[in-house]
K.L.:
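Pasting a structure below so you can have a look.
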Amino acid sequence: MSKEKDNQGLVWEVFVQKKPGQPFVHCGNVHAHDSEMALQNARDLYTRRNEGNALWVVPAKYIVASSPEDIGAFFEPANDKIYRHPTFYNVPEGITHM
Amino acid sequence: MTKEEALFKYILRIADTNLILGHRLSEWIGHAPMMEEELALGNVALDLIGQANSLLQYAAKVEEKNKTEDDLAYLRNEREFYNTLLSEQPNRDFGFTIVRQLLNDAFNIHFLEELTKSSDATLAGLAAKAHKEALYHFRHSSAWTERLGDGTEESKNKVQNALNELWRFTDELFEMNEVDEILLKEKIAVDLKAIKPKFEKTINEILQRTTLNKPEKAFMQRGSRDGKHTEHLGFLLAEMQHLHRAIPDVTW
């Protein structure tokens, strides 16, 4: 049994695009031994209920992540700089995906 | 045999193969080698059972005996089923299941493509929808055949043995009888003689990418066109039909 458990392949992160032009959104991960199987597994797990029309799979080991200790230096300086947010513009009617 | 009787039997062949193979694949639920594969096999099973559902509805309509698709699925006996012998073979191991699926899918992608040209609009429409699903099923089963067939010594042996054992059920996929004769005249049925070389080309292409060998001159088993099956179908039907027969017209 333990041999089988260890033999599930790499972890791949899965990103689904709902419609053309929209961003690919992370939705979870799958196990697979290579890219084609990763794509098929992602399709079977995450797109069988009309969730999207395009898929990305990326080996999880290639994702570089910030760590919790970085929160202070990375993100907190943005908190008190309201002028960095484009909240002083009027958005024209008919603009979507803002 | 009237045209309607022939059409009824023709639809049952396709519907029953999907229903029985879908049931076989659903037996993997809770037992697949990895969670991702459990989902994949379950998805294929759902596609096939969905196709069977639509086809059996149509068969019931053609038969004009006031039956439903459930009557046809759950109240017929073994000898009244026309699914291929290939589809009813037990799952055994994952490699065996994959090879059974590959042979079925390689037939289906070519068969369904031709069936979309049928003069019977309902069959053509159902075939168009099913063909897309079959293309994906084939992608899945051929990818696994390549990987297992070109994998470890153990995986290669398992898949080669499966191929050797299942090859004897492949001739029957192309068998034509009176049903086909009547429906070919009406341009409803697919000429299976024309499908066979396409099937063989597809299988050869897949096997060439592996170290697997195509079995030579196997004894060819037949029977399902006459409702004659291997010993496995009866056990499958007992399980599949038990609930419906024990509690008639049960719903949930």
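Just so we're on the same page: letters track the sequence lines, and every chain starts at 1. When reading the values below, keep in mind they use all heavy atoms of this one structure, side chains included, and skip hydrogens, waters and symmetry mates. All values reported here derive from a predicted model rather than from experimental measurement.
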K.L.:
Is a side-chain donor or acceptor of Asp44(A) paired with a backbone partner of Leu39(B) at a separation under 3.5 angstrom?
P.N.:
no

K.L.:
Could you measure the distance from the CG atom of Asn29(A) to the CD atom of Glu36(B)? Nearest 0.5 Å is fine.
P.N.:
8.5 Å

K.L.:
Evaluate whether atom CG of Asn50(A) has more than 12 neighbouring non-hydrogen atoms of other residues, nucleotides or ligands under 6.0 angstrom away.
P.N.:
no

K.L.:
Rounded to the nearest 0.5 Å, how far does NE2 of His31(A) lie from CE of Met34(B)?
P.N.:
6.5 Å

K.L.:
So for atom CZ, which belongs to Phe75(A), do other residues, nucleotides or ligands contribute more than 12 heavy atoms lying within a distance under 6.0 Å?
P.N.:
yes

K.L.:
Is there side-chain contact between Arg48(A) and Leu46(B), with heavy atoms separated by less than 4.5 Å?
P.N.:
no

K.L.:
Would you say Tyr136(B) has more than 12 foreign heavy atoms packed within less than 6.0 Å of its OH?
P.N.:
yes

K.L.:
When you compare the side chain of Glu36(A) with that of Arg147(B), does any pair of heavy atoms fall below 4.5 Å?
P.N.:
yes

K.L.:
Can you establish whether the number of heavy atoms outside His26(A) located under 6.0 Å from its atom NE2 is more than 12?
P.N.:
yes

K.L.:
Around atom NZ of Lys201(B), are there more than 12 heavy atoms from other residues, nucleotides or ligands closer than 6.0 Å?
P.N.:
no

K.L.:
Give, for atom CD of Glu37(B) and atom CD of Gln8(A), the distance between the pair rounded to the nearest 0.5 Å.
P.N.:
10.5 Å

